[in-house]
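Written below as structure tokens is the structure these notes are about.
Computed over heavy atoms, backbone and side chain alike; hydrogens, waters and symmetry mates excluded. Everything quoted here is computed from the prediction, not taken from an experiment. Start at 1 and go down the list; that is how both ligands and their atoms are numbered.
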Amino acid sequence: MVKVGVVGLGAWGWNVARSFAELRDCELVSCCDTDPKRVANAMKTWPTVKAKADIDELLREDSVEAVVISAPAVTHYELAHKVLSADRDVFIEKPFTLNVRDAETLAEMAERKNRVLMVGHLLEYHPVVRRLKKMIQDGELGEIYYIYTQRVNLGRIRGDENALWSFAPHDISQILYMLDMQPIDVSVRGQSFIQNGIEDVVFLSLYFENRIMAHIHLSWLDPHKVRKTTIVGERKMVVFDDTEATEKLRIYNNHAEVPQIRSYGDSIQVRFGDILIPRVETTEPLKIECQHFIDCVKNRTTPLSDARDGLRVIRILEAAQCSMEQDGVPVRIQGANSDKQHSSVISDRRWHALRV
Ligand SMILES: NC(=O)c1ccc[n+]([C@@H]2O[C@H](COP(=O)([O-])OP(=O)(O)OC[C@H]3O[C@@H](n4cnc5c(N)ncnc54)[C@H](O)[C@@H]3O)[C@@H](O)[C@H]2O)c1
């Protein structure tokens with residue numbers, strides 16, 4: 001039994017706490033929230049769980065072996081620092097931190113102290129995303145041309161972070177996981193309509209090696225609820241629609257066929273094949289994610305979405321924020337080999353010319 005404490009019992013944190021409470025080889029022993037109403041609710045829901053007013057009280061509970069942080073993003077660094085300083089394993093909801101420096105500090109601390117550090121990149125635990133990764137890695141789609149994702153609805157408008165930091169960790173981590181590649185640069189345009197300086201709508205473009213492009217559309221100000229990923233490959237095209245209850249994945253056997261030897265007048269053929277809706281496991285991704293954290297704590301193994309994964313996403317988010325503040329100027333992403341360097345702005349638009 002791994003004994004877990006959950007910090008932050010808001011809209012999402014409550015789901016997370018419930019999920020850990022329901023796992024068989026885990027015991028939710030403590031939780032905390034700075035809002036006394038949430039603490040009172042927790043006491044009513046889980047009478048045997050010690051509900052506390054803050055993380056310091058929670059960490060004084062010797063029985064707590066691992067801590068899950070699901071408080072607002074702005075608190076992640078400070079709370080995770082406390083957890084690691086108290087020699088406990090930690091699961092941090094997305095976004096890992098709000099800048100590269102903090103992410104590096106936590107990554108280094110976890111490594112030095114031999115602690116498990118996992119970041120809540122939920123989509124890496126989604127059965128459909130895992131299936132898509134396998135299809136890409138097995139070459140079933142052929143060469144990947146481009147990917148686009150949409151995460152839009154008329155939803156909760158946050159006051160402490162913009163749509164980029166709130167939503168993009170999902171899409172970026174999903175794309176990096178599926179492609180197993182680092183982007184070269186990012187270009188972002190966003191606009192604040194409701195609150196000054198907090199972007200409600202964001203259009204983000206990533207450019208990878210092999211000419212692969214990825215485009216991410218994010219908004220909490222949209223008439224439709226869309227959670228969709230489209231991947232266009234040389235041989236097949238796929239659509240993952242996470243708003244569908246069961247038929248979440250569609251595989252289109254469609255492609256464009258260029259004749260090997262093309263003589264004058266030969267046109268490129270567009271082929272339409274069958275559309276396949278495969279059966280995919282329906283386990284809730286949050287359940288799989290929480291179980292993975294417990295397994296890593298028990299077996300002292302490195303999580304799939306570990307500190308390095310968290311760090312590469314924060315590097316892209318920091319570069320993306322930088323691009324957005326400069327009206328979409330492409331910003332180069334520093335690779336994993338230059339961990340100490342921060343993202344730098346390619347102020348010179350010749351970057352695109354230099355790249356090819
Ligand atoms: N993985 C996902 O799909 C997903 C979905 C939604 C939110 N999230 C993430 O989960 C986290 C929480 O989001 P939410 O929607 O529940 O937010 P929320 O605002 O609904 O709840 C946050 C809770 O944290 C409490 N809190 C604030 N500061 C605290 C502190 N220092 N110590 C203890 N408690 C504190 C607040 O009182 C509140 O109850 C965020 O990081 C968010 O990005 C993840």
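Every atom of ligand 1 with a heavy atom of Ser70 under 4.0 Å away is listed here by number and element: 10 (O), 11 (C), 12 (C). Residue-ligand proximity, Arg156 to ligand 1, at heavy-atom distances under 4.0 Å covers atoms 15 (O), 17 (O), 18 (P), 19 (O), 20 (O). Those atoms of ligand 1 with a heavy atom of Val7 less than 4.0 angstrom away are 32 (N), 33 (C).
Between Thr75 and ligand 1, no pair of N/O atoms sits closer than 3.5 Å. For Pro72, no nitrogen or oxygen atom sits less than 3.5 Å from a nitrogen or oxygen atom of ligand 1, counting backbone and side chain alike. Note: no N/O pair closer than 3.5 Å links Pro95 and ligand 1 by distance alone.
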I would like to know whether Glu244 and Arg250 meet salt bridge (Lys or Arg N to Asp or Glu O under 4.0 Å); could you show each step before the answer? CA-CA 11 Å; Glu244 287 283 342; Arg250 273 165 201 260; 5.4 Å; no
Go through the steps to decide whether Ile147 and Thr229 satisfy the test side-chain contact (heavy atoms from CB on, under 4.5 Å), and finish with yes or no. CA-CA 7 Å; Ile147 299 177; Thr229 299; 4.1 Å; yes
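Taking 4.0 Å as the cut-off between side-chain N and carboxylate O, Glu140 and Lys236 count as a salt-bridged pair. Under the 4.0 Å criterion applied to side-chain N and carboxylate O atoms, Glu22 and Lys287 are assigned as salt-bridge partners. Using a cut-off of 4.0 Å between Lys/Arg side-chain N and Asp/Glu carboxylate O, Glu61 and Lys52 are scored as salt-bridged. Under 4.0 Å is where a charged nitrogen must lie from a carboxylate oxygen, and between Arg18 and Glu284 at least one such pair does. Salt bridge annotation for Arg227-Asp171: absent, with no cationic side-chain nitrogen under 4.0 angstrom from a carboxylate oxygen.
Counting heavy atoms closer than 4.0 Å to ligand 1, residue Arg158 contributes side-chain atoms (C-beta onward) but none from N, CA, C or O. Under 4.0 Å from ligand 1, heavy atoms of Lys94 appear from its side chain as well as its backbone.
Heavy atoms of His76 come nearer than 4.0 angstrom to ligand 1 in at least one pair. Glu78 does not count as a contact of ligand 1, since none of its heavy atoms falls under 4.0 Å from the ligand.
Among all non-hydrogen protein atoms, the one lying nearest atom 1 (N) of ligand 1 is Glu93 OE1, 3.1 Å. The nearest heavy-atom contact from the protein to atom 3 (O) of ligand 1 is His170 CE1, 3.2 Å. Protein heavy atom nearest atom 5 (C) of ligand 1, with residue, atom name and distance: Trp12 CD2, 3.4 Å.
For Lys248 and Phe240, the positive end is not near the middle of the six-membered ring at less than 6.0 Å and at most 45° from its axis.
Checked against a 6.0 Å centroid threshold, the rings of His292 and Tyr125 count as neighbours.
Of the listed options Leu122, Val16, Asp33, Asp33 places a heavy atom closest to atom 23 (C) of ligand 1. Comparing Asp35, Thr34, Val6 by heavy-atom distance to atom 30 (C) of ligand 1, the nearest is Thr34.
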